[in-house]
Q: 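Input: one structure, supplied below.
Lettering of chains follows the sequences in order, A, B, ..., and the numbering in each one begins at 1.
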2 protein chains.
Amino acid sequence: MSLRMAVLGLLAGLGPASGYDLTQRFDASLAFVWYAQHSQIYPELNRLAAEGLIEVAQEGPRGRKTYAITPAGREAVTRWLQHAEPAPTRRNEGALRAFLLPLLDPAEAVKVLQREAAFYAERVRELQNLRGLADSAPHRFGRHALELGIRQMTAIREWAEWAAQDLAGGTEEVAEKTPESSESAER
Amino acid sequence: MSLRMAVLGLLAGLGPASGYDLTQRFDASLAFVWYAQHSQIYPELNRLAAEGLIEVAQEGPRGRKTYAITPAGREAVTRWLQHAEPAPTRRNEGALRAFLLPLLDPAEAVKVLQREAAFYAERVRELQNLRGLADSAPHRFGRHALELGIRQMTAIREWAEWAAQDLAGGTEEVAEKTPESSESAER
DNA sequence: CGTATCATGTAAGCCGTTACATGATTGT
DNA sequence: ACAATCATGTAACGGCTTACATGATACG
């Protein structure tokens with residue numbers, strides 16, 4: 001369902017496009033939101049056209065077919081936006097690792113969490129950069145999504161920092177085997 | 001990969017269990033983290049046993065087989081925890097809707113966002129409740145994951161509120177800012 | 001004796017990934 | 001002429017969902 005909506009949405013928001021163009025739009029605008037390859041996009045375009053939600057607006061060189069959204073397609077996407085009920089993801093690899101983290105020695109877990117925090121700090125920086133340049137058309141289109149991404153990744157970063165401190169604090173109170181572990185748990 | 005790690009992790013952290021038990025553990029402990037049905041779990045158990053990462057520890061009535069993790073299995077899961085690199089989800093239906101939201105009239109979009117905010121506020125309340133009762137063994141095991149869930153859902157709730165105001169505020173006001181870090185998951 | 005729960009599986013079908021495959025046009 | 005890029009597909013395979021299927025035991 002979501003792939004179709006992503007395709008319809010890109011056609012509705014940014015205008016007619018070929019499968020090739022859409023592949024690039026997915027990559028440029030939707031990369032962190034709904035990832036898709038051309039091998040998924042082309043068949044989906046054919047299905048959407050067969051169902052009348054999009055139509056071939058132009059044919060160009062090299063067999064290029066430019067698709068445009070139809071009124072039916074536009075209605076499908078707006079209805080979906082209004083009526084789809086929010087559902088938190090039920091599969092989250094990061095959260096799974098968080099859940100299983102107590103299986104590691106605290107010192108090891110802290111290291112993992114620090115790497116995680118650093119990773120997400122970097123991601124947040126990247127997205128904030130994008131926000132700076134956000135006056136180009138495709139970015140303006142995704143302004144709210146960008147903001148959501150920043151907030152979600154910031155939340156993960158903060159969690160990782162909290163959890164690392166939580167674990168480090170826990171180890172200090174317990175008798176320690178190695179003198180280095182207090183060092184690695186600092187911060 | 002993650003399904004196996006979830007199974008191995010549950011066996012490592014909460015002790016030996018049958019497929020039936022594991023189905024319930026997934027449901028009770030891992031519901032918001034890594035969802036799985038028995039139809040996925042049983043075949044995975046057979047594969048894991050074939051590879052020597054788990055073994056049948058006991059056979060009971062009704063064909064019940066209790067599995068225990070092996071040293072090889074324990075190593076596999078701890079190695080995964082240490083070496084898996086963090087990767088933000090590349091498919092997020094909520095973020096996709098956020099991205100496409102400008103396709104709606106602002107008034108409609110605001111309604112959607114308010115429903116979203118209410119939904120996540122409720123979810124956060126549920127999880128905070130769990131945190132209150134969190135001294136039972138399975139919950140203690142997932143304490144960090146619970147905290148992560150609360151923070152992530154709070155971030156979404158706050159985003160939805162921000163976006164709703166942003167849209168309601170309309171075209172004249174341009175200045176808005178994102179809090180660098182919100183005191184979302186306070187205890 | 002019947003119902004709920006325990007307990008384990010299989011099958012069809014969809015969605016997504018990776019790799020394979022082909023050819024046209026543009027630019028150097 | 002050659003490479004890069006434009007452009008569209010198909011196929012094999014794996015993971016997940018839903019539904020089908022079966023039978024044993026406990027308990028009231």
Q: Nearest whole Å is fine: how far is C/dT17 P from A/Asp27 CG?
A: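 From A/Asp27 CG to C/dT17 P: 13 Å.
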Q: Whole-Å distance between C/dT10 C1' and B/Arg47 CZ?
A: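 Roughly 13 Å, once rounded to whole Å.
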Q: Nearest whole angstrom, please: distance from the C1' of C/dT5 to the NE2 of B/His38.
A: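 Roughly 14 Å, once rounded to whole Å.
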Q: Looking at B/Glu161 and B/Arg157, is there a salt bridge between them, counting it only when a charged N and a carboxylate O are closer than 4.0 Å?
A: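 Answer for the salt bridge query: yes.
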Q: Starting at the 5' end of DNA chain C, which residue's closest nucleotide do you reach first, B/Arg91 or B/Thr66?
A: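 Looking at DNA chain C, the more 5' nearest nucleotide goes with B/Thr66.
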Q: Given pairs defined as Watson-Crick or G-U wobble with both distances under 3.5 Å, what dot-bracket annotation applies to DNA chain D, with ( ) intrastrand, [ ] crossing, | other strand and . unpaired?
A: ||||||||||||||||||||||||||||
Q: Between A/Arg131 and A/Glu147, is there a salt bridge with N-O shorter than 4.0 Å?
A: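 Here A/Glu147 pairs with A/Arg131 in a salt bridge, since their nearest N and O are under 4.0 Å apart.
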Q: When you measure from the side chain of B/Arg123 to the backbone N and O of A/Pro88, does any donor-acceptor pair fall under 3.5 Å?
A: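 Such a contact is absent between B/Arg123 side chain and A/Pro88 backbone.
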Q: Distance check needed: C/dC15 P versus A/Leu48 CG, whole Å only.
A: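 The distance from CG of A/Leu48 to P of C/dC15 comes to 12 Å, rounded to the nearest Å.
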Q: Considering every strand and a 4.0 Å limit on heavy-atom distances, what is the contact class for B/Ser39: base, sugar-phosphate, or nothing?
A: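 Contact class for B/Ser39: base.
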Q: Under a 3.5 Å threshold, yes or no: a donor from one side chain and an acceptor from the other, between A/Ser2 and B/Glu93?
A: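 Indeed, the side chains of A/Ser2 and B/Glu93 share at least one donor-acceptor pair under 3.5 Å.
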Q: Nearest-nucleotide wise, let me know which of A/Pro43 and A/Arg62 is further upstream toward the 5' end of DNA chain D.
A: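 It is A/Arg62 whose nearest nucleotide is closer to the 5' end.
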Q: Using the heavy-atom set of chain B and a strict 4.0 Å cut-off, write down the first and last nucleotide of DNA chain D that makes it in, 5' to 3'.
A: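 Reading along DNA chain D, I get D/dC16 to D/dT25.
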Q: Within this structure, what is the OH-to-P distance between B/Tyr20 and C/dA4, rounded to whole angstrom?
A: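 From B/Tyr20 OH to C/dA4 P: 14 Å.
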Q: Assign A/Arg90 to base, sugar-phosphate, or nothing according to its heavy-atom contacts below 4.0 angstrom with the strands shown.
A: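 If one applies the 4.0 Å heavy-atom cut-off, A/Arg90 turns out to touch nothing in the nucleic acid.
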Q: Within 45° of the ring axis of A/Trp80 and under 6.0 Å from its six-membered ring centre, is that where the NZ or CZ of A/Arg4 lies?
A: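 No - A/Arg4 does not lie over the ring of A/Trp80 by the 6.0 Å and 45° rule.
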Q: Determine, for B/Lys111 against B/Asp105, whether the closest basic-nitrogen to carboxylate-oxygen distance falls under 4.0 angstrom.
A: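 No salt bridge links B/Lys111 with B/Asp105.
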Q: Is the shortest side-chain heavy-atom distance between B/Glu158 and B/Tyr120 below 4.5 Å?
A: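 No, their side chains stay 4.5 Å or more apart.
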Q: Can you tell me the distance, in whole Å, between the CG atom of B/Asp21 and the P atom of C/dT5?
A: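 Roughly 16 Å, once rounded to whole Å.
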Q: Rounded to the nearest 0.5 Å, how far does CG of B/Leu101 lie from CG of B/Leu96?
A: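 Separation between the atoms: 10.5 Å.
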Q: Round to the nearest Å and state the distance from A/Glu44 atom CD to C/dG16 atom P.
A: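 Rounded to whole Å, this separation is 8 Å.
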Q: Rounded to the nearest angstrom, tell me the gap between atom OH in A/Tyr42 and atom C1' in C/dG23.
A: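 Taking atom C1' of C/dG23 as the reference, OH of A/Tyr42 is at 13 Å.
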Q: Is there side-chain contact between B/Tyr67 and B/Asn46, with at least one heavy-atom pair below 4.5 Å?
A: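 In contact.
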